[in-house]
Amino acid sequence: MESETPLLDELEKGRWPSFVKEIKRAAKKNKAAHDLLRIEELSYKDKITHWKHGGIVGVTGYGGGVIGRYCDQPEKYPEVAMFHTLRVNQPAGWFYKTDTLRKICDIWEKYGSGMTNFHGSTGDIILLGTKTENLQPCFDALTEAGFDLGGSGSALRTITGCVGPARCEWANIDTLDIMYDLTMEFQDEIHRPRWPYKFKIKISGCPNDCVAAIARADFTIIGTWRDSIRIDQDAVREYVSHGFDIESVVRRCPTEAISWDDKNKVLNFVAEDCTRCMHCINKMPKALRPGVERGATILVGGKAPIIKGAYLSWVIVPFMKVESPYTEIKDLLRKIWDWWDENGRTRERLAELIERLGFKQFLKDIGLPPVPQMVYKPRSNPYVFLRR
Amino acid sequence: MARTDIGPPNYKDMLPDIIKRNYGKWKYHEILRPGVLRHVAENGEALYSVRVGSPRLVSIDFIRDICDIADKYCNGYLRFTSRYNIEFLTDKKENVDLIINEVQKLGLPVGGTGTCVTNIVHTQGWIHCHSAATDASGLVKAIMDELYDYFVNMSLPAYVRIAVACCINMCGAVHCSDLAIVGVHTKPPKIDHEKVVAQCEIPTTIQACPTGAIRRHPDPNIKSVVVREDLCMYCANCYTVCPAMPLADPEGDGVAIYAGGKVSNARKPPMFSRMIVPYLPNNPPRWPEVVDVIKRVVEVYAKNARKYERMGEWIERIGWEKFFKLTDIPFTEHHIDDFTHAVETFRTTTQFKW
């Protein structure tokens, strides 16, 4: 028999695991998954998407968490005429017990297409495709199993962070606990969109920033330390005696804060020259570690290009102690949201608003003192608004 | 009545005992071989993680398969990484090979650690998105089939992060990746005036345009808008607020490729990815033109970069003019920025190479 998906079948070949195989697997049990496969094939043939703009669908009491989706050819693909997605808030650090995961699978077998994303770009579990009438019962079953929806639309999006102290020696802050605590504190902000646009919070335990918080979050928390890195000189010598090319590490220190004394076999380090970039620590994890006076740098403004261009987050608090119950961070967030909500235009992210009204104005209104760590360099022009 | 605002499960209930015991007390880690990490705690306990590639778009039976492995060898615990890899966690060294064996039976690659090409962060594409200019899962599959050896080995000067976004909304925030593939439209919106009346708020639509290209329709009897095509750069922000202005077009849509971004602060500060190819056509199911550029750039980087140099650091050292020469990618007028922060990219020095 001739295949109904000759183009997609090509993507069953090759060494990397195939999403087409996965859809076919789901399609054996589920009609919507079968129509998903067929309409994806149609897109491969037509070179265009066959999904329409979302309609307003959801669950009682929430303004988000569900992405409404309809296909443009419901008569030919009736099983995906409605194909809505639920964003399910992941446990911090994406750790799971298998019995919990199996519960999600069973719920989705009953109410949805059987297709998922582990995980979506923001970090949620994505349950991909169901009908309007299934949304509420599916949500009820999810909450029964201990899960809740994540954010969508002009709301606080699901908070994401790195693996942190659960399995990383470089975690300067408890990323999982901060994630969980802030998520619980701001349930209303996550579930009921009310702002000019989306707002993202991401948390990385060290300046390696494994969750790209600096590029992707309006509010970026990155773990760091204030004192000196810790050096185990014996372990350094151990590296060197095994043929490790220490000079190639030293040479790339961006501030020349480390040097190797080959005669005395000692790694010299000038703490005040170090900018805590992680380079040397990354290369010699057995010998070098972050310091002990730990906390976080807070940055704001990161976002993708739409609308005024992409921004990387920039520093607003060079160093903050970060301890439960995280009151300082929560207060700062609330102040920023009030300011943004008060001044922001529709679809204006925080970075764009700060650029429009001025970083100086932002600092004044939020009540943060200007410090040189906030900029690469001072202004070069003389056009200073003295009284704004 | 459903409960609301209960939040996600508490992470503490999802952690294996060895992690509970050593939470915040890890001392160092090492990569035993591609895909296998060993984390050692202050008290000497060791945790082994086996990292496994996933297509991300998976069926519930796939999840059940990996749960079976975790039940058998990991006391019923597993985790996912920020780049969709699965990690099997065990405190028993002898389980590592057994896990790898089971994983390989499922056809899944073990790797994604150290100086590798790890899994590609990506968006939904034609699978689920109304604004997609390309498919994401298909591009990822086609690219990773070619770069598979870089996933299961650690042969590069530094790690290479690749990301795919199916339109310039960039849900995957790909703009700081070593290599980024972005779906682009190249034709202005096609306006359905009758639908605009029914579905769109005209002031919001006009305000949505970052270049001011959208105006009210000159005929006051037509409650719609017009687009000055010379001002349109196909961002589709108007389509997001007004469904009657689709930009998707089978011939016009395709992908652009960017290079040299990073988010890590190691050595150089985080950097944006920069355009290396403004447009390649959508050519499903395997996008050979795109795969060719990606593979070529990775290979040229692997050959030329110095140890520890990320793609962007390498390019900055040799200069972009040299990058285009080495990779044999043509430099065009489209590579020169003419949007909001353009001037800071112009070369204000006499220093350059030939």
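First the proteins, then the strands, lettered A, B, ... as listed; each starts at 1.
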Donor-acceptor side-chain pairing of [X] and [Y] below 3.5 angstrom:
X	Y	value
B/Tyr23	A/Asp174	yes
B/Ser264	A/Asp209	no
A/Asn282	B/Tyr308	no
A/Thr85	B/His128	yes

Proximity breakdown for [X] and chain A, heavy-atom pairs closer than 4.5 Å:
X	value
B/Asp65	side chain
B/Cys235	both
B/His39	side chain
B/Glu313	neither
B/Leu106	neither
B/Leu37	side chain
B/Gln199	neither
B/Thr240	both
B/Ile6	both
B/Asp135	side chain

Restricting to non-hydrogen atoms, name the atom on [X] and the atom on [Y] that form the minimum distance, rounded to 0.1 Å.
X	Y	answer
B/Leu15	A/Ala166	CD2-CB, 4.3 Å
B/Val263	A/Ile214	O-CG2, 3.9 Å
A/Arg25	B/Ser59	CD-OG, 3.9 Å
B/Pro109	A/Trp16	CG-CZ3, 3.5 Å
A/Pro17	B/Gly53	CG-O, 4.0 Å
B/His175	A/Ala215	NE2-O, 3.0 Å

So how far is it from [X] [atom1] to [Y] [atom2], rounded to the nearest 0.5 Å?
X	Y	atom1	atom2	value
B/Ile127	A/Leu36	CD1	CG	4.5 Å
A/Tyr311	B/Phe272	OH	CZ	9.0 Å
A/Leu11	B/Asp145	CG	CG	8.0 Å
B/Arg306	A/Arg252	CZ	CZ	6.5 Å
B/Met14	A/Trp94	CE	CH2	15.0 Å
A/Glu22	B/Arg56	CD	CZ	13.5 Å

Check whether any side-chain heavy atom of [X] lies under 4.5 Å from a side-chain heavy atom of [Y], and answer yes or no.
X	Y	value
A/Lys29	B/Asp61	yes
A/Ile48	B/Asp249	no
B/Ile60	A/Thr116	yes
B/Gln124	A/Asn117	yes
B/Cys67	A/Tyr96	no
B/Asn265	A/His279	no
B/Met170	A/Pro305	yes
B/Thr123	A/Ser121	yes

Pair [X] + [Y]: basic N to acidic O under 4.0 Å:
X	Y	value
B/Asp71	A/Lys97	no
B/Lys141	A/Glu10	no
B/Lys307	A/Asp245	no
A/Arg289	B/Glu42	yes
A/Asp232	B/Lys27	no
B/Glu87	A/Arg167	yes

For [Y], is there any backbone N or O sitting under 3.5 Å from a side-chain donor or acceptor partner on [X]?
X	Y	result
A/Trp51	B/Trp126	yes
A/Glu169	B/His29	yes
A/His53	B/Tyr239	yes
B/Thr340	A/Lys308	yes
A/Thr98	B/Tyr77	no
A/Gln187	B/Gly7	yes

Q | Which of B/Pro243, B/Gly24, B/Gly125 touches chain A most, by non-hydrogen pairs under 4.5 Å | A | B/Pro243

Q: Verify side-chain contact (heavy atoms from CB on, under 4.5 Å) between B/Asp13 and A/Thr100, making sure each step is shown before the conclusion.
A: CA-CA 10 Å; B/Asp13 300 329; A/Thr100 325; over 6 Å; no

Q. Parallel under 30°, tilted from 30 to 60°, perpendicular over 60°: which one fits the rings of A/Phe118 and B/Phe80?
A. parallel

Q | A/Phe95 six-ring face occupied by B/Arg79 cation (under 6.0 Å, within 45°) | A | yes

Q) Given the options A/Phe139, A/Phe83, A/Tyr62, which has more heavy-atom pairs under 4.5 Å with chain B than any of the others? A) A/Tyr62

(Q) Looking at chain B, which one of A/Gly150, A/Ala310, A/Cys206 has the largest number of heavy-atom pairs inside 4.5 Å, strictly under? (A) A/Ala310

Q) Crowded around A/Lys45 NZ? As in, over 12 foreign heavy atoms under 6.0 Å? A) no

Q.
Does A/Glu144, at its CD atom, have more than 12 non-hydrogen atoms belonging to other residues, nucleotides or ligands within less than 6.0 Å?
A. no

Q.
Centroid separation under 6.0 Å, is that true for the rings of B/His122 and A/Phe19?
A. no

**Q.** Derivation and outcome, side-chain contact (heavy atoms from CB on, under 4.5 Å), residues A/Lys47 and B/Thr134
**A.** CA-CA 7 Å; A/Lys47 298 198 239 183; B/Thr134 188; over 6 Å; no

Q.
Is there a side-chain contact (heavy atoms from CB on, under 4.5 Å) between B/Asp5 and A/His191? Walk through the geometry before answering.
A. CA-CA 8 Å; B/Asp5 301 289; A/His191 292 135; 2.7 Å; yes

Q | Steps toward side-chain contact (heavy atoms from CB on, under 4.5 Å) verdict (A/Leu101, B/Leu78) | A | CA-CA 10 Å; A/Leu101 274 178; B/Leu78 57 82; 3.8 Å; yes

